[in-house]
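Only one structure is covered here, and it is reproduced in the block below.
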Amino acid sequence: MVSISTGKAKEAALNRDIGEPAQSKLHAQSIDQFCESFGVGRTTAYDQIKLGRLRALKVGNRTIITDRDAEEWLRNLPEVGKR
């Protein structure tokens with residue numbers, strides 16, 4: 001989920017879904033949450049975004065990654081020993 005500010009607004013943001021059709025809920029995470037979830041550093045995450053391998057969105061100054069885009073990135077990683 002996206003954390004935008006502090007206090008009650010932050011808690012509300014963490015529990016909010018990003019709008020999509022009713023049958024499909026779309027969730028997003030911050031760069032730090034993405035890095036923690038996938039075991040990569042911030043530099044690697046931003047490099048992957050810059051290279052076009054990981055799709056990211058901007059919300060003001062925040063960079064977020066949808067769960068769908070994170071999963072797509074993971075599926076497209078090369079297997080060990082293959083390039």
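Model, not experiment: these values are computed from the prediction.
- Residue-environment remark: NZ (K50) stays at or below the threshold of 12 foreign heavy atoms within 6.0 Å.
- The existence of a salt bridge linking R68 and E71 is excluded, since no basic side-chain nitrogen approaches an acidic carboxylate oxygen closer than 4.0 Å.
- Note on L74: it clusters hydrophobically with Y46, by side-chain heavy-atom contacts below 4.5 Å among ILVMFWY residues.
- To the nearest 0.5 angstrom, L77 atom CG is 7.0 Å from Q48 atom CD.
- Within the model, atoms CD1 of I31 and CG of L54 stand 6.5 Å from one another, a figure rounded to the nearest 0.5 Å.
- Considering CG of D67 and CZ of F34, their distance stands at 10.5 Å, rounded to 0.5 Å.
- Scanning both residues, A70 and Q29, for their nearest heavy atoms gives CB-NE2, 3.8 Å.
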- Item | Residues H27, T66; criterion side chain to side chain contact (heavy atoms under 4.5 Å, CB included); working and verdict | CA-CA 6 Å; H27 298 275; T66 66; over 6 Å; no

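- Note: I49 CD1 to T44 OG1 = 11.0 Å, rounded to the nearest 0.5 Å.
- Residues I65 and W73 are not in side-chain contact: their nearest non-hydrogen atoms beyond the backbone lie 4.5 Å or more apart.
- Of all heavy-atom pairs spanning A45 and C35, the tightest one is CB-SG, 3.8 Å.
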